[in-house]
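FYI, side chains are in, hydrogens and waters are out, and symmetry mates aren't considered; it's all heavy atoms of this structure.
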Amino acid sequence: MSYLATAKQQKGYQKIFGIGEKTPLTGLGLLNLAAKEKYSGETQGEEVVVVILSGNCRITVGNEVYEDLGKRKDVFSGPAAAVYVPIHSRYTVTETQGQDLTAAVVAAVADKQFASFAVRPDEVVINHRGILNFKRDVHDIVVDNAEGKVDKIIVGETFAYPGQWSSYPSHKHDTQNPPFETKMDEIYHFRIKPGAGFGVQIMYTDDFSLREAYMIKDGDSVALPLGYHPVAAAPGYQLYYLWVMAGTDGRGLKPCDDPQHAWIQNIAPLLKD
């Protein structure tokens, strides 16, 4: 089974991974609107976060209106703007600046209904992680900052430096074993700058019954239902990925590092000193 969805140019809404197709709890779609176009959708038993990748828009959820969303020309030009859409809700995305708009529509199975809300770029929590050749910037969009405001969904963005590894040391979160590991499936959506570049997505399990590697091009997506899943950016190219996660036992993520490589975490503080 392939967990890779290669990029395809499509106007309007494009389903990449439906909930339950590759991952039981999460889904991903992409929205491409031309100037002044609009798209209307309706959630059922899933909560949704609309993340603006490029362009500017207005999003209406029920009677709530969120204006002037999105300032960046691409994902590499600043933190994201996003809107949370609860279960059983209608929403409309309208392009407002007379230019193309690209947004990701990430979803997770949910049981509880909450109020909609917007996340502005200055509300995104920025973390700098890693050392040496596995440094990256991680932007939390709907993570701890949304606890008590959403049911299961977790959303953020990772920016890997050229030639660097990310989601490393290799970790997984496919087994419910508290307090050591929580079970959550995940989906990545990638962008690469310059666009001719590439990255590598690796997926493997302890027994190597899953042992895959995908050449990642700009606009590709990968479903991650199980296994360790490190990412590498080719030298000379910035690599970005949007991630959405969800589990059945709360939103507290506890990943498990591959025990073969966990020693790297132990030497990191020494190297920083």
Side-chain angles (χ1 to χ4, degrees), residues 1-8 15-30 75 104 106-109 129-130 133-136 138 152-177 180-192 197-235 237-248 253-265:
M1 175 186 294
S2 175
Y3 296 103
L4 172 69
T6 56
K8 294 179 175 62
K15 184 179 75 170
I16 307 299
F17 295 119
I19 292 175
E21 292 180 357
K22 300 287 187 178
T23 51
L25 300 175
T26 51
L28 167 69
L30 292 176
V75 297
V106 292
V109 171
R129 295 182 181 160
N133 60 343
F134 55 101
K135 290 183 291 188
R136 67 272 195 194
V138 179
K152 295 182 176 63
I153 198 165
I154 302 172
V155 182
E157 299 177 318
T158 295
F159 299 81
Y161 298 105
Q164 301 266 327
W165 287 78
S166 187
S167 293
Y168 191 83
S170 305
H171 69 264
K172 70 181 184 75
H173 34 81
D174 60 10
T175 302
Q176 190 63 22
N177 183 29
F180 306 105
E181 182 180 356
T182 52
K183 183 176 182 178
M184 291 189 179
D185 60 56
E186 189 170 21
I187 293 171
Y188 286 169
H189 174 68
F190 293 90
R191 294 297 165 111
I192 295 173
F198 67 95
V200 177
Q201 172 74 71
I202 296 172
M203 298 174 63
Y204 66 96
T205 52
D206 287 307
D207 63 0
F208 296 114
S209 57
L210 173 65
R211 183 178 172 179
E212 301 283 344
Y214 301 117
M215 181 182 182
I216 298 298
K217 297 290 288 180
D218 185 57
D220 288 350
S221 306
V222 174
L224 302 163
L226 77 166
Y228 304 101
H229 42 274
V231 177
Y237 299 96
Q238 292 176 275
L239 183 146
Y240 154 100
Y241 51 99
L242 172 72
W243 36 269
V244 55
M245 288 185 284
T248 58
L253 174 63
K254 179 63 176 177
C256 175
D257 289 341
D258 184 340
Q260 297 293 320
H261 310 297
W263 61 269
I264 294 172
Q265 298 280 32

Donor-acceptor contact below 3.5 Å, side chain [X] vs main chain [Y]:
X	Y	value
Tyr214	Tyr3	yes
Gln238	Tyr161	no
Arg136	Phe134	yes
Asp185	Leu25	yes

Spacing of [X] atom [atom1] and [Y] atom [atom2] [to the nearest 0.5 Å]:
X	Y	atom1	atom2	answer
Met203	Ser170	CE	OG	12.5 Å
Phe190	Leu242	CZ	CG	10.5 Å
Ser221	Leu28	OG	CG	5.0 Å
Met184	Lys152	CE	NZ	10.5 Å
Met245	Ile187	CE	CD1	11.5 Å
Glu181	Gln176	CD	CD	8.5 Å

Any heavy-atom pair between the side chains of [Y] and [X] that's under 4.5 Å?
X	Y	result
Val200	Trp165	no
Trp243	Thr158	yes
Leu210	Tyr204	no
Leu4	Ile216	yes
Ile153	Val244	yes

Return yes if a side-chain donor-acceptor contact under 3.5 Å exists between [X] and [Y], otherwise no.
X	Y	value
Asp220	Tyr188	no
Tyr241	Ser166	yes
Tyr240	Glu157	yes
Asp257	Tyr228	no
Gln201	His229	no
Thr175	Asn177	no

**Request:** Kindly determine whether Lys22 and Leu224 satisfy side-chain contact (heavy atoms from CB on, under 4.5 Å), including the steps that lead there.
**Result:** CA-CA 8 Å; Lys22 300 287 187 178; Leu224 302 163; over 6 Å; no
**Asked** Would the number of heavy atoms belonging to other residues, nucleotides or ligands and lying under 6.0 Å from CZ of Phe198 be above 12?
**Response**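 Count not over threshold, so no.
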**Message:** Could you check whether atom NZ of Lys254 has more than 12 heavy atoms from other residues, nucleotides or ligands sitting under 6.0 Å from it?
**Reply:**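 Result for NZ/Lys254: open.
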**Request:** Just do the side-chain contact (heavy atoms from CB on, under 4.5 Å) check on Val109 and Ile19 with the steps written out, would you?
**Result:** CA-CA 8 Å; Val109 171; Ile19 292 175; 3.5 Å; yes
If you compare all heavy atoms of [X] against all heavy atoms of [Y], which two are closest, and at what distance to 0.1 Å?
X	Y	result
Tyr168	Ile264	OH-CD1, 3.3 Å
Thr182	His173	O-CB, 3.2 Å
Pro259	Asp206	CD-OD1, 4.4 Å
His171	Pro255	CD2-CB, 3.7 Å
Ala223	Thr23	CB-CG2, 4.0 Å
Ile16	Ala5	CG2-CB, 3.8 Å

